[in-house]
Amino acid sequence: MTTALIQTADGTFTAYFSGTGLARLDFPIGGRVSRSNRTGLSAQAGAWLSLTERALKQALSGKSPGKWPPLDLSAGTEFQRCVWNALREIRSGQTKSYAQVAQAIDRPGAVRAVGQACGANPIPVVIPCHRVLAAGGKLGGFSAGLDWKLKLLRREGVVPESD
DNA sequence: AGTTCGGACCGTT
DNA sequence: AACGGTCCGAACT
């Protein structure tokens, strides 16, 4: 896997590319300053990086991200990939509850497992785990920090209920 | 209305 | 066997 840094107004993300596509995206980690490094990438990875960079910046500003590179979700279990695919169908500005997602993948009752799967999502923002709220439109949790979840949602025009 | 509590549910480690 | 990014109903303020 090759890694590459992506600078945005919100910090420096880290992207991981396998031979199949974008496999992982990390939120900025505090305090390190480095510049995007494109050297040493295969032509294909370079192209994917360009796509990722452009789409990520669009997504972060609440606009339509356009085309993402192919995603490599092979690290996940079958159930997790199922959930992640369902998440990708939630458009910007829309939200679903964990129960609704469970419903959508035809496993009502697997509500908590869905929560787990969301937390295991390797490609946040691209796979919009932040658009999944708790019942009643309440914020729910977020492994990368609730501040991120709020920030992303508000840029898409979503205002969660306060409990 | 709001709050707390308890149990049921299911995939992962 | 234990833990979640949950949910719902019951039983209280």
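Values below: every heavy atom of this structure, side chains too, minus hydrogens, waters and symmetry copies. Reminder, nothing fancy here: chain letters follow the sequence lines and each chain counts from 1.
- With respect to the salt-bridge test (charged N to carboxylate O, under 4.0 angstrom), the residues A:Asp10 and A:Lys57 do not qualify.
- Comparing atom distances between the A:Val111 side chain and each of C:dC7, C:dG5, B:dG11 picks out C:dC7 as nearest.
- Note: A:Phe13 and A:Phe27 have tilted aromatic rings, judged against thresholds of 30 and 60 degrees for the angle between ring planes.
- When distances run from any side-chain atom of A:Cys118 to the nucleotides B:dT12, C:dC7, C:dG5, the shortest one goes to C:dG5.
- Atom CD1 of A:Ile90 and atom P of C:dG5 are 17 Å apart (whole Å).
- Between A:Arg107 and the phosphate of B:dC9, there is no side-chain N or O to OP1/OP2 separation shorter than 4.0 Å.
- Nearest to the side-chain atoms of A:Arg112 among the listed nucleotides B:dG11, B:dA8, C:dC7 stands B:dA8.
- Atom-to-atom, CG of A:Leu133 to C1' of C:dT6 comes out at 13 Å; the value is rounded to the nearest Å.
- Closest to the A:Val132 side chain, of the nucleotides C:dC8, B:dT12, C:dG5, is C:dG5.
- At whole-Å resolution of the value, CZ in A:Phe79 and P in B:dT12 are 6 Å apart.
- Between the side chain of A:Arg54 and the backbone N or O of A:Lys67 there is at least one donor-acceptor pair closer than 3.5 Å.
- Side-chain proximity of A:Ser97 to C:dC3, C:dC7, C:dG5: nearest is C:dC7.
- A:Gln103 has its CD atom 15 Å from the C1' atom of B:dC10, to the nearest Å.
- Of the candidate nucleotides C:dT6, C:dG5, B:dT12, B:dT12 has the atom lying nearest to any side-chain atom of A:Gln116.
- Taking every side-chain heavy atom of A:Ala135 into account, C:dC8 is the closest of C:dC8, B:dT12, C:dG5.
- Look at CG on A:Leu87: it is 15 Å from P on C:dG5, rounded to the nearest Å.
- The side-chain hydrogen bond (donor to acceptor under 3.5 Å, both in side chains) test with A:His130 singles out one residue from A:Lys149, A:Glu156, A:Lys151, and that residue is A:Glu156.
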